[in-house]
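When reading the values below, keep in mind they use all heavy atoms of this one structure, side chains included, and skip hydrogens, waters and symmetry mates.
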Amino acid sequence: MSRWSALRCGRALLLGLALLAGIARPAAALVELPASSGAAAGGGRERAMAAARPLELPGPRINAWGQPAPRHEFETLRAEGGSTPRHRLRIVERARGSDAHLFWPLPFRKGRAYQAELTLSAAAPVDVEVMLRRDEPPWDPYAIRTLRLGRTPQTVRLEGWALSDAPASLRVAVLGEGVDVFAGRPAVRETPGGAFGPALTQPVPDAFFGVHLMRLGQHLNWPDFDPGFVRLWDTRTTWKDLQPEPGGWNFGNAAWRRLDLYVNHVRRVGRAAQPLLVLGQTPRWASTEPDSHSPYGRGHAAPPRDTEDWRRYVRTLARRYAGRIRHWELWNEPDHSIFYRGSVERMVELARVAREELKAADPANVLVSPGLTMGQGLRWLHRFLAAGGGRHVDVIAFHWYYDSAPESLLPAIANVRQLMRQHGVADKPLWNTEGGLVCNKRLRDCSPMRLGEDEQLGLHARAMLLMWSAGVARFDYYFWEGRWPGEALLEGDFRTPTLAGRGRAEAVRWMRGARVLDAFHVGERVWVLRMQRGERRFSIVWATEPTEVRLPREWGSTRLRRLDGRAARLEGGRVVVTEAPMLLQ
């Protein structure tokens with residue numbers, strides 16, 4: 001255990017006496033909890049608007065890379081008649097793997113919202129991408145738009161939430177060559193908008209609580225939290241497994257038997273569970289690049305050579321499992337070349353064909369967009385939706401993993417929801433079809449990752465509460481059996497829940513069927529959800545480090561319940577909250 005972790009655990013042990021008793025004990029600083037998000041904001045709309053802070057920007061620069069670097073021209077044109085100066089960029093010629101962007105460095109702060117405005121034009125029609133982007137790995141945009149420029153000036157507006165304190169920039173990427181692009185002086189400001197919900201106000205359904213079962217066959221058990229969905233990925237049931245050779249279908253091979261096992265088990269044992277099957281993974285014989293590398297075998301990351309092979313595959317699955325599988329995810333993480341090596345436009349075509357065949361077999365079938373990652377997923381989704389992909393899918397999918405600070409999920413989710421609004425698909429559900437706990441080396445020692453008891457109990461609960469409040473309507477946890485303490489929800493006997501598993505199951509009981517009425521945080525430390533089930537209201541509170549709080553009189557809280565199932569009376573209106581959320585009622 002690191003020295004930092006030891007200090008935290010020691011402090012948590014001392015303050016934990018107050019938590020066990022449910023009463024107050026002296027702490028370094030007492031936090032007064034407001035009764036609501038309105039009270040937490042404490043200033044109304046006028047004060048919030050006054051808080052918008054314009055950023056001072058340096059002059060523009062050129063970021064060029066590649067071997068050889070692209071030939072380009074850049075100059076600042078002299079202002080005339082009191083107008084602001086303009087900047088001219090022309091990409092003369094690119095080599096493969098090279099490019100040049102016009103950019104303005106930005107001093108972004110993690111979790112803050114920013115708006116940018118920039119006027120652009122071009123000497124001839126040309127496409128450009130304008131983005132707010134992190135300028136360190138994974139080089140991901142926080143907001144992005146594509147414009148078709150011409151001689152008439154256009155003003156583009158962007159809004160996004162910074163995912164880190166890393167260097168960032170406003171960027172213009174010219175997608176053509178040999179055309180002069182003109183940019184004016186941008187305006188960028190920090191805005192008071194928050195990324196914390198509640199975005200979904202309906203009761204939390206069974207369907208929110210999904211999971212991956214990776215070891216079915218070694219056991220035939222079922223999670224005690226009774227998941228609403230089971231995502232079939234890394235289960236050896238994709239196209240490459242089901243049709244390893246061209247021609248007919250051998251429904252007796254190992255892959256088909258395994259898929260039957262999963263489908264039948266989910267439907268037989270689960271109370272209302274549904275399977276979600278990932279399509280994807282082209283057989284080598286059907287691949288456009290049969291010798292390309294993939295972690296799953298040669299050729300499997302490339303798109304199919306013949307669309308009719310793909311059509312017959314989807315049709316066969318849809319007809320065989322009509323009424324038994326109704327949820328289908330198009331592809332796994334195509335924003336990474338290890339999973340997909342084709343174009344976005346080709347994926348849109350695969351989506352169109354898949355939708356035709358799935359809906360023909362069963363109009364109730366649901367096609368989920370490719371599940372994308374926090375790395376380059378936002379830019380990939382932007383291009384997919386811009387190419388018309390949103391017309392063919394019923395759900396937008398992302399894969400959000402979290403570390404020991406799951407609160408950092410909020411700006412990433414907010415950026416995706418903003419992009420969905422931009423492309424007119426905000427009415428479609430947003431799902432996290434693969435996510436779980438990972439170790440962030442910037443936050444702790446990962447060799448190996450050691451979690452305290454409150455972290456094991458609380459991290460998954462916090463992630464679920466935050467995702468639902470931020471607008472994620474479903475979360476498929478990866479994965480039930482797990483590989484290491486903290487990730488695994490199940491012991492090696494495939495029967496006994498781990499401490500993390502017990503905490504997650506208790507959180508499911510708190511959330512299932514309850515509505516989020518209000519959500520806010522006090523500083524960056526204390527987080528609060530006000531919820532209601534039936535006529536009964538309750539609060540869920542946690543802190544990123546042990547903190548003593550005074551509860552609002554308006555809540556009328558008299559009892560607390562912990563994620564390990566223990567309950568206690570509340571007296572004096574003060575309690576120490578930790579990384580493990582507690583329920584107050």
Close side-chain approach of [X] to [Y], heavy-atom, < 4.5 Å:
{"X": "Trp249", "Y": "Gln243", "answer": "yes"}
{"X": "Val393", "Y": "Phe384", "answer": "yes"}
{"X": "Phe196", "Y": "Leu466", "answer": "yes"}
{"X": "Met449", "Y": "Val438", "answer": "no"}
{"X": "Pro429", "Y": "Arg474", "answer": "no"}
{"X": "Leu489", "Y": "Pro223", "answer": "no"}
{"X": "Phe251", "Y": "Arg320", "answer": "yes"}
{"X": "Leu563", "Y": "Trp542", "answer": "no"}

What are the two closest non-hydrogen atoms of [X] and [Y], and how far apart are they?
{"X": "Met214", "Y": "Asp234", "answer": "CE-CB, 3.1 Å"}
{"X": "Ala500", "Y": "Gly486", "answer": "CB-O, 3.8 Å"}
{"X": "Trp310", "Y": "Pro304", "answer": "CB-CG, 4.0 Å"}
{"X": "Trp380", "Y": "Met347", "answer": "CH2-CG, 3.6 Å"}
{"X": "Gly377", "Y": "Leu372", "answer": "O-CD1, 3.5 Å"}
{"X": "Ala580", "Y": "Leu457", "answer": "CB-CB, 4.3 Å"}

Using a strict threshold of under 4.0 Å (side-chain N to carboxylate O), is an ion pair present between [Y] and [X]?
{"X": "Arg509", "Y": "Glu506", "value": "yes"}
{"X": "Arg352", "Y": "Glu356", "value": "yes"}
{"X": "Arg495", "Y": "Asp493", "value": "no"}
{"X": "Arg383", "Y": "Asp335", "value": "no"}
{"X": "Arg562", "Y": "Asp454", "value": "yes"}

Quick one: pull up [atom1] in [X] and [atom2] in [Y] and give me the separation to the nearest 0.5 Å.
{"X": "Asp362", "Y": "Arg326", "atom1": "CG", "atom2": "CZ", "answer": "4.5 Å"}
{"X": "Leu350", "Y": "Arg311", "atom1": "CG", "atom2": "CZ", "answer": "10.5 Å"}
{"X": "Leu232", "Y": "Ile325", "atom1": "CG", "atom2": "CD1", "answer": "6.5 Å"}
{"X": "Leu259", "Y": "Arg236", "atom1": "CG", "atom2": "CZ", "answer": "12.5 Å"}
{"X": "Tyr340", "Y": "Thr282", "atom1": "OH", "atom2": "OG1", "answer": "8.5 Å"}
{"X": "Trp222", "Y": "His265", "atom1": "CH2", "atom2": "NE2", "answer": "6.0 Å"}

Original post:
Taking only residues two or more places apart in sequence, or in another chain, which ones meet Phe229 in a ring-ring contact (aromatic ring centres under 6.0 Å, His included)?
Top reply: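 In terms of ring-ring contact (aromatic ring centres under 6.0 Å, His included), with neighbours along the sequence ignored, Phe229 is linked to His327, Trp431.
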**OP:** Could you list the residues that satisfy ring-ring contact (aromatic ring centres under 6.0 Å, His included) with His392, not counting sequence neighbours?
**Re:** none
Original post:
Step by step, would you call Asn415 with Leu163 a side chain to side chain contact (heavy atoms under 4.5 Å, CB included)?
Top reply: CA-CA 9 Å; Asn415 287 339; Leu163 304 187; 3.8 Å; yes
Just by modelled atom types, is the [Y] backbone N or O under 3.5 Å from a matching donor or acceptor in the [X] side chain?
{"X": "Glu159", "Y": "Ala113", "result": "no"}
{"X": "Arg171", "Y": "Glu129", "result": "no"}
{"X": "Gln456", "Y": "Gly503", "result": "no"}
{"X": "Glu487", "Y": "Arg483", "result": "yes"}
{"X": "Asn365", "Y": "Lys359", "result": "no"}
{"X": "Asn221", "Y": "Phe494", "result": "yes"}
{"X": "Arg134", "Y": "Tyr142", "result": "no"}
{"X": "Arg267", "Y": "Pro275", "result": "no"}
{"X": "Gln418", "Y": "Met420", "result": "no"}
{"X": "Glu289", "Y": "His293", "result": "no"}

Original post:
Just checking, is any N or O donor in the side chain of His300 or Ser287 under 3.5 Å from an acceptor N or O on the other one?
Top reply: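 No, no side-chain donor-acceptor contact under 3.5 Å.
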Subject >> Asn440-Tyr401 side chain donor-acceptor pair, cut-off 3.5 Å >> reply: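 No donor-acceptor contact under 3.5 Å links the two side chains.
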Subject >> Pairs satisfying salt bridge (charged side-chain N to carboxylate O under 4.0 Å, His left out), at least one member in residues 404-433, at least two apart >> reply: Glu407-Arg462
Original post:
So which pairs with a foot in residues 210-232 pass salt bridge (charged side-chain N to carboxylate O under 4.0 Å, His left out), sequence neighbours left out?
Top reply: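 For residues 210-232, and leaving out neighbouring residues, the salt bridge (charged side-chain N to carboxylate O under 4.0 Å, His left out) pairs sorted by first residue read Asp226-Arg271, Arg231-Glu329, Arg231-Glu434.
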**OP:** Report the residue from His219, His212, Gln218 that forms a side chain to side chain donor-acceptor pair (under 3.5 Å) with Glu481.
**Re:**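 Of His219, His212, Gln218, side chain to side chain donor-acceptor pair (under 3.5 Å) with Glu481 is met by His219 alone.
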Subject >> Partner set under side chain to side chain donor-acceptor pair (under 3.5 Å) for Ser539, not counting sequence neighbours >> reply: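 Per chain and number, Ser539 pairs via side chain to side chain donor-acceptor pair (under 3.5 Å) with Arg530.
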**OP:** Evaluate salt bridge (Lys or Arg N to Asp or Glu O under 4.0 Å) for Asp518 paired with Arg537, printing each intermediate quantity in order.
**Re:** CA-CA 11 Å; Asp518 198 6; Arg537 295 190 177 192; over 6 Å; no
**OP:** Could you tell me which residues satisfy side-chain contact (heavy atoms from CB on, under 4.5 Å) with Arg298, sequence neighbours excluded, listed by chain and number?
**Re:**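 Arg298 satisfies side-chain contact (heavy atoms from CB on, under 4.5 Å) with Arg284, Asp291 once adjacent residues are dropped.
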Original post:
How about Tyr478 and Trp233: are their ring centroids closer than 6.0 Å?
Top reply: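 Ring centres of Trp233 and Tyr478 not closer than 6.0 Å.
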Original post:
Do the numbers put Arg504 on top of the ring of Phe225, so that NZ or CZ is under 6.0 Å from the six-membered ring centre and no more than 45° off the axis?
Top reply: yes
**OP:** Quick one: do Leu213 and Tyr262 satisfy side chain to side chain contact (heavy atoms under 4.5 Å, CB included)? Show the steps, please.
**Re:** CA-CA 9 Å; Leu213 303 181; Tyr262 267 92; 4.2 Å; yes
Subject >> Derivation of the side chain to side chain contact (heavy atoms under 4.5 Å, CB included) call for Leu242 and Leu317 >> reply: CA-CA 10 Å; Leu242 298 171; Leu317 276 172; 3.9 Å; yes
**OP:** Give the intermediate values and the outcome of side chain to side chain contact (heavy atoms under 4.5 Å, CB included) for residues Leu465 and Trp527.
**Re:** CA-CA 10 Å; Leu465 290 161; Trp527 296 74; over 6 Å; no
